[in-house]
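These notes concern the structure reproduced below.
Just so we're on the same page: letters track the sequence lines, and every chain starts at 1.
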There are 2 protein chains.
Amino acid sequence: MQSDISDKAKATRKRILDAAIRVFAHKGFHDTRVDEIVEESGSSKGAVYFYFPGKQQIFLALIDEFADLLERRLTEAVDQEQGGVRKVNAALKTCLETFGRYRGLAKIFLIQAVGLGAAFEEKRSELHQRFANLIKCYLDQAVADEEIPPIDTEVVAFAWMGAINEVVIRWVHTGEPEPARVLLTLRAMLLRGIGVPETDIAGLAITPIEIVEKSS
Amino acid sequence: MQSDISDKAKATRKRILDAAIRVFAHKGFHDTRVDEIVEESGSSKGAVYFYFPGKQQIFLALIDEFADLLERRLTEAVDQEQGGVRKVNAALKTCLETFGRYRGLAKIFLIQAVGLGAAFEEKRSELHQRFANLIKCYLDQAVADEEIPPIDTEVVAFAWMGAINEVVIRWVHTGEPEPARVLLTLRAMLLRGIGVPETDIAGLAITPIEIVEKSS
DNA sequence: CACTTTAGACTGACTGGTCGGTTTATTGAT
DNA sequence: ATCAATAAACCGACCAGTCAGTCTAAAGTG
């Protein structure tokens, strides 16, 4: 059948992307040679430039793909929960799970995509803006529902994102501390920080997180 | 006199470093050409390589210098205050002031030093560790003094650092939101987050921050 | 069916511009 | 004269991207 061809073709494309995740995550954008992606993927330079316009586009494709994935999972998880506090809890858990499942992409997203000069910086800024806004919306809702006192949700949203990112970065790097510990501590800290009553926080289940690593 | 020479020499060195701050902050490490630093500093390639072993070392020198400066200012400010809550407040204020005063260095420190591959990544990790540890110490002390309930200070320390960094990055980039607003919100959020009683937080003065930009 | 043709997927040797670093010459202070 | 300081032409390794060509399988043809 004809899908044989395109299956094999798609497979090559995927092999290249997977290899790119591994190499980019490990060495960063500038220290990654296209030839290394070629070798790691077991394909050829021609194949790489057949499927992608250039090195930069491969990198951006990975980031965009992951950002979409994360946003999809977040909104999905949050929408399934009722009430601001539970929603926040779900979001936090989903974040840690997703970063844990796609550790390579997480490292690319959180570290390797930073400090790459103007061309990428705009993208990074825009992505952070996007996720901060997502958080801000949920916070605003919690305020509107009078679950928490009125606060400067914009600043808090950025602070939350930074807090989560930093802890995840640390974890991706060293494997420390374990996600369960992180979830508990971070959750308590962030929720307390916006004035959620202690009783509401204590009421949250100690949902275990499952961290399963996937290639892509 | 002999200081004429070394004065002039030191001046050249400084001009190079200042130029490097500007260019690195604006374009990032890899997009910065040594020739751009030469031009911006109004010196020459010979002078640059007379004072520094190479591009990378200039970059690292800037980061180390700033890290030392920040740490010095922080410990200084914290030591002058009495009591955990006030110390934290002082630290936060000092952070924002210092980042504000040295905006170029702040951008290099927080953004441009990230995602540069293994050679720099270790340095970055070590720096974050260092500052997180500083925070952790103060938090531990606050716990020991029973000002706050026992918490996982390690995780909280990283979360705090991430929160501060992200907000500062945003501010360095867009100029938004104003530091005063940031200090108030961040302070309340972080202190609440570790269980500081609302009354203690309210008791803190609304100390105005002065943000004066300096070249270096 | 045998055969040519076409198209898509892929290969890897090659290239040409770029840029960190070096060298050599010059200046100027003591 | 001597030597630190500076200038700027120069070098060459490096590497993203190119391209002429190969291979395989499907489509067209008689």
### Side-chain N or O of Thr12(A) closer than 4.0 Å to phosphate OP1/OP2 of dC10(C)
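Checking dC10(C) against Thr12(A), a side-chain N or O does come within under 4.0 Å of OP1 or OP2.
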### Query
Would you say a side-chain N or O of Tyr51(B) is under 4.0 Å from OP1 or OP2 of dT6(D)?
yes
Expressed as a whole number of angstroms, how long is the span from [X]:[atom1] to [N]:[atom2]?
| X | N | atom1 | atom2 | result |
| --- | --- | --- | --- | --- |
| Asp31(A) | dA16(D) | CG | P | 11 Å |
| His30(B) | dC19(C) | NE2 | P | 12 Å |
| Gln56(A) | dG17(D) | CD | P | 8 Å |
| Phe29(B) | dG20(C) | CZ | P | 8 Å |
| Tyr49(B) | dC10(D) | OH | P | 18 Å |
| Phe50(B) | dA8(D) | CZ | C1' | 17 Å |
| Ile16(A) | dT11(C) | CD1 | C1' | 12 Å |
| Ile58(B) | dG20(C) | CD1 | P | 10 Å |

Greater than 12 external heavy atoms within 6.0 Å of [X]'s [atom1]:
| X | atom1 | value |
| --- | --- | --- |
| Arg33(A) | CZ | yes |
| His26(B) | NE2 | no |
| Arg73(A) | CZ | yes |
| His173(A) | NE2 | yes |
| Glu178(B) | CD | yes |

### Message
Using a strict heavy-atom distance below 4.0 Å, which residues from residues 112-123 of chain B are in contact with DNA chain C?
### Response
none
### Query
Does any residue of residues 32-47 of chain B have a heavy atom under 4.0 Å from DNA chain C, and if so, which ones, in number order?
Thr32(B), Arg33(B), Val34(B), Lys45(B)
### Task
With sequence neighbours left out, write down each residue that passes ring pair (Phe, Tyr, Trp, His ring centres under 6.0 Å) with Phe66(B), or none if nothing qualifies.
Phe99(B), Phe109(B)
### Query
Salt bridge check: are Arg181(A) and Glu154(B) linked by an N-O gap of less than 4.0 Å?
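The answer is yes: the pair qualifies as a salt bridge.
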### Query
Would Asp18(B) and Lys14(B) pass as an ion pair if we require N to O under 4.0 Å?
yes
